Amino acid sequence: MGNREMEELIPLVNRLQDAFSALGQTCLLELPQIAVVGGQSAGKSSVLENFVGRDFLPRGSGIVTRRPLVLQLVTSKAEYAEFLHCKGKKFTDFDEVRHEIEAETDRVTGMNKGISSIPINLRVYSPHVLNLTLIDLPGITKVPVGDQPPDIEYQIREMIMQFITRENCLILAVTPANTDLANSDALKLAKEVDPQGLRTIGVITKLDLMDEGTDARDVLENKLLPLRRGYVGVVNRSQKDIEGKKDIKAAMLAERKFFLSHPAYRHIADRMGTPHLQKVLNQQLTNHIRDTLPNFRNKLQGQLLSIEHEVEAYKNFKPEDPTRKTKALLQMVQQFAVDFEKRIEGSGDQVDTLELSGGAKINRIFHERFPFEIVKMEFNEKELRREISYAIKNIHGIRTGLFTPDMAFEAIVKKQIVKLKGPSLKSVDLVIQELINTVKKCTKKLANFPRLCEETERIVANHIREREGKTKDQVLLLIDIQVSYINTNHEDFIGFANAQQRSSQVHKKNTIGNQGTNLPPSRQIVIRKGWLTISNIGIMKGGSKGYWFVLTAESLSWYKDDEEKEKKYMLPLDNLKVRDVEKSFMSSKHIFALFNTEQRNVYKDYRFLELACDSQEDVDSWKASLLRAGVYPDKSLGNNKTEKDLTKMLIVRAILSFVPMSFSHFLDNCLLCSFLKKILKHTEK
């Protein structure tokens with residue numbers, strides 16, 4: 001590629017930049033460019049004005065540059081400026097250029113010092129400039145000014161990152177020499193996206209304002225904070241010079257004199273100053289365009305082929321053809337059905353990483369929420385005893401019975417089984433609600449057709465509501481089946497004959513289980529892993545701190561991190577229960593606590609181990625997992641623990657005994673049965 005062709009590269013990219021800006025497709029392709037990054041009052045505006053040789057940028061206190069300014073410098077015999085949004089109008093007075101930048105900025109961002117990522121495209125023609133394209137970005141700020149939003153620092157940082165994270169973007173990091181260069185905001189941002197310093201060009205301003213006896217020689221010689229493309233030092237006009245309308249040409253001569261006369265910079269004076277910086281940027285940008293051109297051309301050709309395919313699809317398109325409309329309607333409805341199925345089955349082109357939804361949330365309802373709701377069911381022990389007494393007496397009538405009648409047992413147990421209807425119907429409601437939410441998410445792709453979107457939601461939601469009634473009837477029928485017959489031959493039913501035998505078996509099982517707690521973690525079944533915060537440790541002992549928790553069927557262990565190399569503690573689950581802790585008004589965390597039913601310390605000197613989560617949903621999920629491990633919620637139903645456990649065991653045994661032989665296979669695979677068996681094992685202990 002010859003020199004003449006090389007000189008045409010930057011104007012060519014300029015035309016592409018204008019075309020993309022006019023189409024609103026600035027991110028369609030990553031164009032080679034130079035982004036100017038620096039803090040407020042770092043001297044960015046002065047550097048750009050020195051390039052042009054004119055005062056044309058807005059000045060003032062606070063954030064002045066509030067929109068990206070795409071500055072295209074073009075070598076020309078005449079001197080004038082053009083804005084992309086003012087096509088055909090030439091600005092020969094550069095004071096008018098400044099006013100137009102301010103007016104265009106206020107038109108989009110308003111008068112409240114807000115910012116916007118929509119760029120302003122300015123092209124300057126002059127015999128004093130080299131072909132060059134720069135993007136002047138807002139200065140990095142720390143404190144909001146006026147009506148600016150509190151997160152203005154974050155907004156500016158995000159805008160800068162949009163540009164400098166692109167591999168085709170060179171970074172011009174402007175840093176004043178009279179500050180700590182090691183803590184430069186511009187160099188810090190550049191280091192984040194360009195850790196090797198391959199795309200960063202350093203510019204050191206205000207060298208003449210450094211303290212006497214200090215200099216930036218090591219930095220300019222690329223020794224202290226080395227960059228692949230090096231540093232260039234410049235001396236801009238002071239605020240007094242700007243207010244006094246000091247000519248830029250005179251300032252350039254003063255800059256040259258400064259470098260030639262300064263003992264620390266005299267030997268590198270030919271590589272310092274604004275004219276040299278402009279030449280370096282012109283050469284660097286030209287070389288950068290040349291290096292990225294092959295990849296850029298491939299991407300452009302790929303875009304072209306893609307658009308040609310789209311054009312071919314619409315080549316014979318007839319808007320009024322009814323068959324086209326019908327086909328399009330069917331395709332959209334079919335796509336809705338595919339999206340809905342993917343969200344339920346657990347696969348899709350868009351995965352939600354912020355919360356559980358679709359099939360995953362329904363899975364949680366079945367395996368965590370439903371079992372937890374069953375265990376949460378409250379019953380009054382005194383009331384139950386009274387009902388048992390009345391039932392026995394009413395069945396005997398005027399006679400005084402010698403034995404407890406089976407009918408009393410049946411009447412009481414049936415009443416307890418019926419209580420399962422509440423949690424079951426509640427789970428159905430939760431599943432229905434999640435299905436409707438999934439429908440709404442899937443119809444977002446139909447947003448361009450509001451009527452179709454509305455009708456699709458209505459029809460599918462009505463169908464789900466219709467199935468809701470039938471589903472609830474089926475659930476109630478299953479519970480009625482369990483109520484209909486007591487199967488005293490069921491293997492889990494304990495009669496007087498085998499009660500002693502079963503008791504000895506349970507004792508042996510508990511003994512084996514206690515020995516099994518010494519198994520290594522690798523041989524224990526892991527129920528759940530995740531981060532939790534221990535919140536009740538005092539400040540003098542380190543305060544609240546997050547750990548990686550591992551819950552197994554036998555213990556709860558926590559580690560320093562998720563690599564599980566440094567174990568902090570292992571807590572056996574024997575005699576533990578869980579209860580809710582009221583949320584503190586000073587904390588955003590949701591807390592639950594573990595405690596020992598025998599009034600022993602749970603962890604070191606603490607009677608309670610308070611664990612904190614980020615949301616109530618996480619708390620419920622952990623409580624459901626602890627439930628699977630045999631750690632039950634504290635209900636405080638009575639003072640006599642033995643009587644409570646005996647009553648619970650009798651109820652659970654009774655529930656299991658209501659299964660007819662023909663349904664034994666069904667119950668073996670039933671979530672309810674397996675869950676009740678876990679309650680049974682816990683009560684037997």
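Not measured: the values here are computed from a predicted model. The first residue of the sequence shown is numbered 1, and numbering continues consecutively from there.
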So do the side chains of [X] and [Y] get within less than 4.5 Å of each other, counting heavy atoms only?
X      : Y      : answer
Leu425 : Leu476 : yes
Ile534 : Leu611 : yes
Lys188 : Lys191 : no
Pro633 : Leu627 : yes
Tyr559 : Lys565 : no
Gln33  : Cys169 : yes
Gln616 : Asp620 : yes
Glu457 : Leu446 : no

Do the side chains of [X] and [Y] get close enough for a salt bridge, i.e. N-O under 4.0 angstrom?
X      : Y      : value
Asp151 : Arg157 : no
Asp580 : Lys623 : yes
Glu434 : Arg364 : no
Lys470 : Glu466 : no

query = Where do Leu137 and Ile135 land on the side chain to side chain contact (heavy atoms under 4.5 Å, CB included) test, with the steps shown first?
reply = CA-CA 6 Å; Leu137 298 173; Ile135 301 178; 3.8 Å; yes
How long is the span from the [atom1] atom in [X] to the [atom2] atom in [Y], to the nearest 0.5 Å?
X      : Y      : atom1 : atom2 : result
Gln335 : Lys342 : CD    : NZ    : 7.0 Å
Leu573 : Ile527 : CG    : CD1   : 7.5 Å
Asp618 : Phe592 : CG    : CZ    : 9.5 Å
Arg369 : Ser621 : CZ    : OG    : 11.0 Å
Thr471 : Ile432 : OG1   : CD1   : 6.0 Å
Cys453 : Phe336 : SG    : CZ    : 9.0 Å

query = Just checking, Arg166 and Phe163: is the charged tip under 6.0 Å from the six-membered ring centre and within 45° of the axis?
reply = yes
ask   = Does atom NZ of Lys568 have more than 12 heavy-atom neighbours from other groups under 6.0 Å away?
value = yes
request  = Would you indicate whether Lys421, at its atom NZ, is surrounded by more than 12 heavy atoms from other residues, nucleotides or ligands within a distance under 6.0 Å?
outcome  = yes
Which atom of [X] lies closest to which atom of [Y], heavy atoms considered:
X      : Y      : value
Phe340 : Leu435 : CE1-O, 3.9 Å
Val193 : Met161 : CG1-SD, 3.7 Å
Leu532 : Cys613 : CD2-SG, 3.2 Å
Ser625 : Arg528 : OG-CD, 3.3 Å
Asn596 : Val602 : N-CG2, 3.5 Å
Ile479 : Ile417 : CG2-O, 4.0 Å

task = Determine, step by step, whether Ser535 and Lys589 satisfy the side chain to side chain contact (heavy atoms under 4.5 Å, CB included) criterion, reporting the C-alpha distance in whole Å, the side-chain angles of both residues, the deciding distance to 0.1 Å, and the verdict.
result = CA-CA 9 Å; Ser535 63; Lys589 297 280 188 179; over 6 Å; no
Are any side-chain N or O atoms of [X] and backbone N or O atoms of [Y], one a donor and one an acceptor, separated by less than 3.5 Å?
X      : Y      : answer
Arg67  : Ser116 : no
Thr597 : Asn575 : yes
Asn363 : Gly359 : no

task = Determine, step by step, whether Tyr547 and Tyr569 satisfy the side chain to side chain contact (heavy atoms under 4.5 Å, CB included) criterion, reporting the C-alpha distance in whole Å, the side-chain angles of both residues, the deciding distance to 0.1 Å, and the verdict.
result = CA-CA 10 Å; Tyr547 295 98; Tyr569 198 81; over 6 Å; no
inquiry  = Between Leu556 and Leu594, does the side chain to side chain contact (heavy atoms under 4.5 Å, CB included) criterion hold? Intermediate values first, please.
reply    = CA-CA 11 Å; Leu556 178 66; Leu594 296 174; 3.7 Å; yes
task = Hey, can you tell me if Tyr606 and Tyr603 have their rings parallel, tilted or perpendicular (30° and 60° cut-offs)?
result = parallel
query = After noting the C-alpha distance and the side-chain angles of Arg451 and Glu454, does the key distance pass the salt bridge (charged side-chain N to carboxylate O under 4.0 Å, His left out) rule?
reply = CA-CA 5 Å; Arg451 185 75 179 274; Glu454 181 181 346; 5.6 Å; no
query = Do Asp429 and Gln433 have side-chain N/O donor and acceptor atoms under 3.5 Å apart?
reply = no
ask   = Between Trp548 and Trp531, is the gap from one ring center to the other below 6.0 Å?
value = yes
